[in-house]
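Inspection log for the structure reproduced underneath, given as structure tokens.
Worth saying up front: this structure is predicted, and the values here are computed from it rather than measured. Numbers here are sequence positions counted from 1.
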Amino acid sequence: MPEPLIEAAVELDATSTVGPGSWIRHGSIIGASVVEGGVFVGFRSRIHGAAIATGCQIASLARLGRPGGAPIVAGRAAWVGARAVIEPGVHIGAGAVIGAGAHVTADVPDDALVIGRPHRILRRREAIEDGLPDFGRIISAVRARHDSNIRAMPGGWHGGRTCVIDADLSGGTDVILGSAVIAMGRADGPSRDGGIRAASGVRIGDEAILEASSGIDIGADTVIGPRALVVSSGHDLSRRSLPWQSGAVRIGAQVRIGADATVVGPANLGDGAVVTPGAVVVGDVPAGHTTSGVFEGNPS
């Protein structure tokens with residue numbers, strides 16, 4: 001396995017270790033934890049007092065444990081979704097999948113699929129045994145790029161301080177990104193549709209994260225609030241290796257996505273749709289519709 005890739009602004013305290021072949025993305029904090037080899041941790045996650053086994057994937061803005069709390073264990077090839085919260089003392093079984101925005105307060109069995117606030121077990125996962133996730137190839141590709149996380153914005157786009165830009169950006173003019181926005185997704189990634197395409201008048205709030213590996217399209221005069229997260233990909237849960245899966249996000253014109261909201265693709269938000277602050281959206285939202293809580297427009 002290659003050396004771990006630990007990006008800028010990651011806080012890793014002296015009591016924590018990260019094994020080979022792991023990838024820790026920008027802004028995450030890891031304290032009093034052991035991260036084995038072959039683990040992925042997304043943007044601005046917080047991990048305290050945890051033992052994270054090989055093959056685990058932890059999506060952006062996930063929260064595992066608290067400083068001084070009881071230890072957490074995440075078994076081999078477990079998946080923790082975007083903005084999920086795992087309370088201290090919880091044991092996540094091998095191969096378990098924690099859905100986006102879930103709040104987990106008790107142990108999760110092996111291969112359980114968990115959703116909701118508070119969490120509930122939706123069903124048992126049946127997975128083809130095709131090996132554990134392997135991030136070595138993509139780590140090598142990212143290291144070979146000369147412009148990772150420092151790409152320029154198009155004319156007519158304006159970014160605040162300390163933005164992290166690793167995306168193909170295109171579209172209209174008068175597009176504003178707030179301070180510390182993270183934008184990723186390129187046509188040289190897993191999908192040629194990767195990138196962010198924003199019409200004129202789009203506003204992205206401070207500390208928002210746009211993960212556009214299979215494309216995020218944003219209509220005119222849409223506002224995405226501070227600390228919002230939009231993710232245009234997922235994983236094939238039918239295989240143990242949890243391979244990347246396309247999940248394009250299409251956001252219409254004059255949409256309002258509130259602060260701390262999460263949108264996970266594939267998703268289509270119609271013109272004038274409203275996602276209230278803190279909501280989690282998995283799937284489609286009709287034009288003019290207001291949604292809050294955990295909204296699954298495309299239940300599976």
Arg186 and Asp166: CA distance, side-chain angles, deciding distance, salt bridge (Lys or Arg N to Asp or Glu O under 4.0 Å) verdict: CA-CA 7 Å; Arg186 300 162 51 139; Asp166 197 11; 2.8 Å; yes
From CA spacing to verdict: side-chain hydrogen bond (donor to acceptor under 3.5 Å, both in side chains), Thr105, Glu87: CA-CA 5 Å; Thr105 59; Glu87 293 291 349; over 6 Å; no
Intermediate values then yes/no, side chain to side chain contact (heavy atoms under 4.5 Å, CB included), Arg256 and Val275: CA-CA 6 Å; Arg256 298 293 182 266; Val275 178; over 6 Å; no
Verdict with reasoning, Arg197 to Ser170, per side-chain hydrogen bond (donor to acceptor under 3.5 Å, both in side chains): CA-CA 5 Å; Arg197 296 166 286 272; Ser170 62; 5.5 Å; no
Side chain to side chain contact (heavy atoms under 4.5 Å, CB included) evaluation trace for Val280 with Arg117: CA-CA 10 Å; Val280 176; Arg117 302 172 177 162; 3.0 Å; yes
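For residues 42-101, every residue pair satisfying the ring-ring contact (aromatic ring centres under 6.0 Å, His included) rule, not counting sequence neighbours, is listed here: Trp79-His235.
Two residues are said to be in side-chain contact when any heavy atoms from C-beta on lie closer than 4.5 Å; Pro118 and His103 fail this criterion. Taking the side chain as every heavy atom from C-beta outward, Val175 and His158 never approach each other to under 4.5 Å. Counting heavy atoms from C-beta on, the side chains of Gln57 and Leu242 come closer than 4.5 Å. Between Ile176 and Asp174, some side-chain heavy-atom pair lies under the 4.5 Å cut-off. Under the 4.5 Å side-chain criterion, counting only non-hydrogen atoms from C-beta, Ser60 is in contact with Leu229. By the 4.5 Å heavy-atom criterion applied to side chains, Val285 and Asn268 are not counted as neighbours. Between Val164 and Val181 there is no side-chain heavy-atom pair separated by less than 4.5 Å. In this structure, Val274 and His289 have side chains that are not in contact, with every pair of non-hydrogen atoms separated by 4.5 Å or more.
Of the possible donor and acceptor atoms, one in the side chain of Ser22 sits under 3.5 Å from a partner among the backbone N and O of Glu36. No donor-acceptor pair closer than 3.5 Å links the side chain of Asp111 to the backbone N or O of Arg124. When atom types are taken as modelled, the side chain of Arg63 and the backbone of Leu61 share a donor-acceptor pair closer than 3.5 angstrom. A donor-acceptor contact shorter than 3.5 Å is absent between the side chain of Arg83 and the backbone of Gly278. With Thr173 contributing its side chain and Gly156 its backbone, the two residues share no donor-acceptor pair below 3.5 Å. Without hydrogens or angle criteria, Ser232 side chain to Ala248 main chain gives no donor-acceptor distance under 3.5 Å. A donor-acceptor pair is defined here as one N or O able to donate and one able to accept, closer than 3.5 Å; such a pair exists between the side chain of Asp168 and the backbone of Ala187. Remark: the backbone N or O of Gly178 is not paired with any side-chain donor or acceptor of Asp206 at under 3.5 angstrom. Side chain of Ser28 to main chain of Ser45: a donor-acceptor pair is present (N/O by atom type, distance under 3.5 Å, no hydrogens or angles). When atom types are taken as modelled, the side chain of Thr222 and the backbone of Gln254 share a donor-acceptor pair closer than 3.5 angstrom.
The same ILVMFWY cluster, assembled from side-chain heavy atoms under 4.5 Å apart, contains both Met153 and Ile218. Taken together through direct or relayed side-chain contacts under 4.5 Å among Ile, Leu, Val, Met, Phe, Trp and Tyr, Met184 and Leu169 form parts of separate hydrophobic clusters. One hydrophobic cluster holds both Ile224 and Ile196 under the rule that ILVMFWY side chains link at heavy-atom gaps under 4.5 Å. Following chains of ILVMFWY side-chain contacts shorter than 4.5 Å, one cannot reach Val231 starting from Val263, and the two form parts of different hydrophobic clusters. Connection of Leu269 to Ile204 is established within a shared hydrophobic cluster, with ILVMFWY side chains joined at heavy-atom distances below 4.5 Å, either directly or through further cluster members.
The side-chain contact (heavy atoms from CB on, under 4.5 Å) test with Ile165 singles out one residue from Asp147, Ile182, Leu210, Leu177, and that residue is Leu177.
Closest approach of Trp157 to Gly171, counting heavy atoms only: CZ2-N, 4.4 Å. Scanning both residues, Ala199 and Ala220, for their nearest heavy atoms gives CB-N, 3.4 Å. The two atoms that bring Val264 and Ala100 nearest to each other are CG2-CB, 4.0 Å, heavy atoms only. Taking both residues in full, the closest heavy atoms of Ser292 and Ala279 are given as CA-CB, 3.8 Å, listed atom of the first, atom of the second, then distance. Between Ala59 and Ala82, the shortest heavy-atom distance links the atoms CB-N, 3.3 Å. Across all non-hydrogen atoms, the minimal contact from Gly31 to Ser33 is O-OG, 2.8 Å.
With sequence neighbours excluded, the residues that form a side-chain contact (heavy atoms from CB on, under 4.5 Å) with Pro243 are Asp236, Arg239, Ser241. By the side chain to side chain donor-acceptor pair (under 3.5 Å) test, Ser148 pairs with no residue at all, sequence neighbours left out.
Counting Ile, Leu, Val, Met, Phe, Trp and Tyr side chains that sit under 4.5 Å apart, directly or through other members, Ile139 shares a hydrophobic cluster with Leu5, Trp23, Phe40, Phe135, Ile138, Val142. Other members of the hydrophobic cluster containing Ile30, listed by chain and number, are Ile6, Val10, Leu12, Val18, Ile24, Val35, Val39, Val41, Ile47, Ile52, Ile58, Leu64, Ile72, Val80, Ile86, Val90, Ile92, Ile98, Val104, Val108, Val114, Ile121; membership follows side-chain contacts under 4.5 Å among ILVMFWY residues, whether direct or relayed. With a 4.5 Å cut-off between side-chain heavy atoms of Ile, Leu, Val, Met, Phe, Trp and Tyr, the cluster of Val85 takes in none.
By the neighbour-count criterion of 12 heavy atoms within 6.0 Å, atom CZ of Arg143 is densely surrounded, having more than that number from other residues, nucleotides or ligands.
Between Gln245 and Ser233, the side chains place no donor N or O within less than 3.5 Å of an acceptor N or O (distance only, hydrogens not considered).
Ion pairing between Asp188 and Arg145 holds under the 4.0 Å rule for side-chain N and carboxylate O. A salt bridge links Glu7 with Arg25: at least one charged nitrogen is closer than 4.0 Å to a carboxylate oxygen.
Residue Ile128 holds its CD1 atom at 12.0 Å from CG of Leu237, rounded to the nearest 0.5 Å. The line from SG of Cys163 to CD of Glu207 is 10.5 Å long, rounded to the nearest 0.5 Å.
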